[in-house]
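For reference, the structure is listed below as structure tokens.
In what follows, every chain begins at residue 1, and chains take the letters A, B, ... in the order their sequences are listed.
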Protein chains: 2
Amino acid sequence: MPAYDPSAFPPFAVTVDLVVLTVRRHALCTLVVRRGEAPFQGRWALPGGFVRAEEDLGAAAARELVEETGLCAYDPAAPAPVPSNGAHLEQLATYGAPDRDPRMRVVSVAHLALAPDLPAPRAGGDANSARWAPVEELLGEDAAAGAGGGGAGTLAFDHSRILADGVERARSKIEYSSLATAFCPPEFTVGELRRVYEAVWGVALDPRNFHRKVTGTPGFLVPAGGTTTRQGGRPAQLFRAGGATLLNPPMLRPEV
Amino acid sequence: MPAYDPSAFPPFAVTVDLVVLTVRRHALCTLVVRRGEAPFQGRWALPGGFVRAEEDLGAAAARELVEETGLCAYDPAAPAPVPSNGAHLEQLATYGAPDRDPRMRVVSVAHLALAPDLPAPRAGGDANSARWAPVEELLGEDAAAGAGGGGAGTLAFDHSRILADGVERARSKIEYSSLATAFCPPEFTVGELRRVYEAVWGVALDPRNFHRKVTGTPGFLVPAGGTTTRQGGRPAQLFRAGGATLLNPPMLRPEV
DNA sequence: ATCATAGTCGTCTCCCTGACGATAAACACG
DNA sequence: CGTGTTTATCGTCAGGGAGACGACTATGAT
């Protein structure tokens with residue numbers, strides 16, 4: 001085995017790609033930007049960019065998140081003071097197939113961000129080249145776009161795979177953590193939280209059992225001023241996310 | 001935002017580091033190698049190495065695994081034919097703090113490998129510079145080594161963090177998947193599987209309830225010839241891993 | 001023969017969950 | 001102003017799974 005030689009290593013570019021998920025109009029959506037350049041020109045892609053020379057991976061992801069959405073990533077270690085435009089950010093996985101970028105060897109550290117519903121995307125200054133796309137539309141949950149897998153509306157590079165991995169991570173993680181509150185504004189109702197679960201999982205949940213589960217789990221929700229708001233029918237109690245991060249026992253998504 | 005310019009990117013080195021876990025003598029152990037060079041010379045570190053120019057990340061990890069242990073990583077997609085010296089291999093996370101290697105900017109894609117108990121480590125030809133170290137000894141589950149966190153026996157670089165993340169991944173993943181069988185030989189008894197859980201979680205489990213759970217979960221275990229073996233008392237039935245990869249409902253580790 | 005060690009089968013109770021009835025509090029109508 | 005609709009919230013009930021154990025079985029060690 002060759003010795004660890006700092007001067008003889010293959011040159012890599014390292015980027016971060018972002019899977020930014022939100023719930024809009026009862027559907028799970030992700031932020032995509034239109035490519036203006038050579039490979040996959042005109043196709044939609046996940047936002048991302050190069051990691052700078054003296055920048056940590058998480059910092060690069062947070063920087064890209066601000067540039068693309070204006071969202072401020074909050075540290076999971078921090079206590080309650082979540083800014084109103086805060087988003088959950090975590091590392092997802094790293095993708096480095098030799099041919100994933102035809103121009104050169106690029107290793108991309110994908111990150112997953114969960115954000116509450118936002119007014120409109122602003123692509124770092126360039127408008128209309130970014131949008132919230134329903135995940136179902138991009139992934140075609142039902143075997144999209146004929147043979148080969150490279151359907152019409154599929155994302156550039158291996159971004160479809162990255163998106164699929166990010167969505168699956170989000171779907172499984174809200175089972176056993178309180179992460180679903182990251183999709184909600186600072187104060188929210190039980191019904192709003194339930195609609196988040198329904199949108200992410202793509203299923204319908206029983207309102208009564210859901211209410212019992214989330215209000216009965218200590219530390220999950222704390223009443224926020226006991227106030228109410230309206231969204232249709234009877235006013236609902238407002239909550240904010242409690243300190244608990246782990247849901248035990250978990251709330252398993254219904255099978256089949 | 002600067003355009004995607006392939007010729008102007010900061011130079012990175014990309015490596016893979018391996019958290020190879022196994023269960024030896026009732027204890028969760030990991031493979032560590034002794035560093036012979038400049039930074040952290042003489043300290044123990046996780047095995048790893050550079051990703052080659054035309055090599056996929058997973059391939060690089062599998063190559064390192066063979067070089068260090070002789071273990072052959074099997075693809076999770078593959079069916080039953082698991083080689084006797086096969087190991088589970090999956091990507092863990094990527095670590096890229098700017099100062100994690102004092103010599104240059106190195107981004108390391110850590111991987112997690114789970115292997116059955118092996119005779120003895122062979123460090124790619126170099127013996128006695130590799131060993132199976134009990135995880136508890138390396139991580140000091142009980143706030144090891146005074147202040148600062150850089151205790152006496154701690155690993156080089158940020159490898160203690162990587163190891164901790166890998167161990168936590170393994171601990172949580174055997175809850176809801178059949179991954180614990182990766183620590184066992186192709187044929188094993190329920191008691192051996194239980195001792196794996198006990199070693200990984202560091203708890204004692206009720207043999208009766210454990211037996212009921214694993215034999216009652218369809219697809220988890222399949223009887224292997226109905227044969228028996230001895231390990232002390234009454235002979236036990238032999239099983240091999242079934243096709244099921246997900247455990248539903250999960251087997252949650254006891255709290256506190 | 002007796003003991004120690006493991007494996008395996010049962011039982012009992014508690015808690016959680018899914019299914020679903022019932023009530024409450026707002027709004028949109030006519 | 002009543003009625004219907006929508007949503008929130010509380011209750012009830014049956015079934016399943018898990019923790020706590022008792023009991024029995026089949027080996028080897030003494």
- Nucleic acid footprint by protein, nucleotides 25-30 of chain C - heavy-atom cut-off 4.0 Å, B for base, S for sugar-phosphate alone: BS----
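- Donor-acceptor pairing under 3.5 Å, judged by distance alone, is present between the side chain of Arg208(B) and the base of dG22(D).
- Across the protein-nucleic acid pair, Leu252(B) atom CG and dG19(D) atom C1' stand 13 Å apart, rounded to whole Å.
- Protein atom CZ of Arg195(B) is 10 Å distant from nucleotide atom C1' of dG7(C), rounded to whole Å.
- Per the geometry, CG belonging to Leu205(B) stands 12 Å off C1' belonging to dG19(D), to the nearest Å.
- Two rings, from Phe188(A) and Phe239(A), have their centers 6.0 Å or more apart.
- Phosphate contact (OP1/OP2 of dA8(D), side-chain N/O of His211(A), threshold under 4.0 Å): absent.
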Between the protein and nucleotides 13-17 of chain C, list the N/O to N/O atom pairs that are separated by less than 3.5 angstrom.
unit_1: dT17(C); atom_1: OP1; unit_2: Lys213(A); atom_2: NZ; d: 2.8

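- By the 4.0 Å N-to-carboxylate-O rule, Arg240(B) lies too far from Glu192(B) to be salt-bridged with it.
- Regarding contacts with the backbone of dG19(D), every side-chain N or O of Arg253(B) stays at 4.0 angstrom or more from both OP1 and OP2.
- Distance alone, capped at 3.5 Å, is enough to place a donor-acceptor pair between the Ser178(B) side chain and the Ala244(B) backbone.
- Trp132(B) does not carry Arg25(B) over the face of its six-membered ring by the limits of under 6.0 Å from the centre and within 45° of the normal.
- Both Arg194(A) and Asp206(B) lie close to DNA chain D; mapped to their nearest nucleotides by heavy-atom distance, the more 5′-ward contact belongs to Arg194(A).
- In this entry the distance linking CD of Glu198(A) with P of dT7(D) reads 11 Å, nearest Å.
- Shown here is Arg253(A), whose CZ atom has more than 12 heavy atoms of other residues, nucleotides or ligands within 6.0 Å.
- For the 3.5 Å distance criterion, the side chains of Tyr95(A) and Asp17(A) fail to qualify, holding no donor opposite an acceptor.
- Looking only at side-chain heavy atoms (C-beta outward), Phe220(B) and Leu193(B) come within less than 4.5 Å of each other.
- Side chains of Val19(B) and His111(B) form no contact here, defined as non-hydrogen atoms less than 4.5 Å apart.
- Closest contact between the side chain of Thr189(B) and the listed nucleotides dT9(D), dC21(D), dG7(C) involves dG7(C).
- Arg169(A) places a side-chain heavy atom less than 4.5 Å from the side chain of Glu90(A).
- Between Asn248(A) atom CG and dA18(D) atom P the separation is 13 Å, expressed in whole Å.
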